[in-house]
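Quick note on labels: first sequence line is chain A, next is B, and so on, each numbered from 1.
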2 protein chains.
Amino acid sequence: MEQENTPFERAFRQVGPVSIGTQLYRHLREAIIRGELSPGQALSEAEISKKYSVSRQPVREAFIKLAEERLVTVLPQRGTFVVKISVADVLDARFVREVIEVAVVQEAAMHVLPEKIKALRDIIAAQARVPHGQNEQFLELDEAFHRELAYSVGRAHAWRVIEGIKAQMDRVRYLSLDDATPITHLIEQHSRIVDGIEAGDPVAAADAMRTHLREIISSLPGIAEQNPETFEQ
Amino acid sequence: MEQENTPFERAFRQVGPVSIGTQLYRHLREAIIRGELSPGQALSEAEISKKYSVSRQPVREAFIKLAEERLVTVLPQRGTFVVKISVADVLDARFVREVIEVAVVQEAAMHVLPEKIKALRDIIAAQARVPHGQNEQFLELDEAFHRELAYSVGRAHAWRVIEGIKAQMDRVRYLSLDDATPITHLIEQHSRIVDGIEAGDPVAAADAMRTHLREIISSLPGIAEQNPETFEQ
DNA sequence: AAAAGCAAACTGGTATGGTACAATAGTGTT
DNA sequence: AACACTATTGTACCATACCAGTTTGCTTTT
């Protein structure tokens, strides 16, 4: 965890309609995806509740949501653990994500509004302005791009599914932030996707998306070799 | 809810590694999908906990899981409600399910093992033996068919996504059990899907799957007209 | 020295009391 | 009669205590 907090000063309190449990869930989720919590690491309810000066109850609820997302596994009376990354699972998840996003981009190429294309171009432009080394900011805009793409054709449910899969894939990306594909290359791929959409060419758009998604995890085998402790088996 | 329970005799208790909260989740999930709990109906923690003679804690955890699956919505300090079915959401969910299952069946047509084909044929044969009117049993075998299909090509993650989507679609199916497509017709469609796989013809298998999934919700507009209270807006 | 047994220190699961907020019914006012 | 205000009820949320398994480490036994 990156931020400490002094005792007697609780890090989280219920603010507005956002419960402490939900805040904890979001916080822990980010920490796991970014690798700040190591795969295999034990996370007890008591430990987390003490760390953030809250009761076990909201911690427990956060764990339940994280378990639903396969980011932790809860073993009754034994412990809760950050799940290790599985190469097979990531490949399987990529397969599902690819077929969904390819279908989405094909729909977009056939009947998307010009204003939506502009919104996508704006996100790409923002990515180009991200300073070198600000990888987290880049990944946020990457998420915005894929979200906007799904929403542009009214596929909210598709995005919901993609979002869960993306979390698993992003865990790998954070492990390979440096030696991964250069950012400029990824921006270029985003542009080609929008080019295909704007040209009304579903085949070109689909090909661009496939290339993009496969390149994202191209470094997976090497990463798994370099970090045996964070991967399953 | 179908089953009553006498006071002082709790319906649920923690048995083995399955917690009360998990049992409640499964029970309520089935009840919602089958329409035994009406869309829009309020479900308070206290009410459910009293009904099953358990504390509010496991009920609350069941609600959280149901909310993650979009089967209930929790409004803080206001109540928890069974979500109404949305025609747009069902269509959106079907879109995602179609692209996934079409991709799965294409993979299967290209390299599936003969023993897996036999397993699929066995499920279809079992469906043919289901007595007329035993719709729940038929739907269980329908789920087994689609699960076995995904597992036959090692796409466990794909099935996990399909499972969630299927819940939304099954809510509609339970509403239209009688006037829906005849069961014999659906069995025939399953057979054609396996025919395409066995013939090693990805195009035929994909077409059969598309036809099948679109027919499943063909009755959606009519059902929405007949049950305005259970649908959104 | 090795193994068996036992006790203490964990773990997550459950029950219950209290809190803040929202909705509502009722009362008083205009 | 219509409206403002108040008290009551009901909700999900949080905190805390207790429970039942699991693990761990020490002690005892062989």
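Within the 4.0 Å cut-off from OP1 or OP2 of dT11(D), at least one side-chain nitrogen or oxygen of Ser44(B) is found. An OP1 or OP2 oxygen of dG13(C) is reached within less than 4.0 angstrom by a side-chain nitrogen or oxygen of Arg60(A). Listed pair Ser55(A) / dA15(D) meets the phosphate criterion, a side-chain N or O lying under 4.0 Å from OP1 or OP2. Contact annotation: Thr80(A) side-chain N/O to dG12(C) OP1/OP2 distance is under 4.0 Å.
One can place CD1 of Ile64(A) at 12 Å from P of dG12(C), the figure rounded to the nearest angstrom. Here dG10(D) presents its C1' atom at 15 Å from CG of Leu43(B), a figure rounded to the nearest Å. Atom P of nucleotide dA15(C) and atom CD of Glu45(B) are separated by 13 Å, given to the nearest angstrom. Straight-line distance from the CZ atom of Arg78(A) to the C1' atom of dT11(C): 10 Å, rounded to whole Å. Here dC21(C) presents its P atom at 17 Å from CG of Leu75(B), a figure rounded to the nearest Å. Rounded to an integer number of Å, the gap from Ile20(A) CD1 to dC21(C) P is 12 Å.
Residue Arg56(B) places no side-chain atom within donor-acceptor reach of the base of dG13(C), judged by atom type and a 3.5 Å distance cut-off alone. Side-chain to base pairing of Gln77(B) with dA22(C): no donor and acceptor N or O lie closer than 3.5 Å to each other.
Inter-residue side-chain proximity for His190(B) and Asp142(B) is flagged as met; some heavy-atom pair is nearer than 4.5 Å. The shortest distance between side-chain heavy atoms of Glu232(B) and Ile85(B) does not fall below 4.5 Å. Two residues are said to be in side-chain contact when any heavy atoms from C-beta on lie closer than 4.5 Å; Met209(A) and Glu98(A) fail this criterion. Looking only at side-chain heavy atoms (C-beta outward), Glu47(A) and Tyr52(A) stay at 4.5 Å or farther from each other.
In this structure, of dC14(D), dG13(C), dA15(C), it is dC14(D) that holds the atom nearest to the side chain of Ser19(A).
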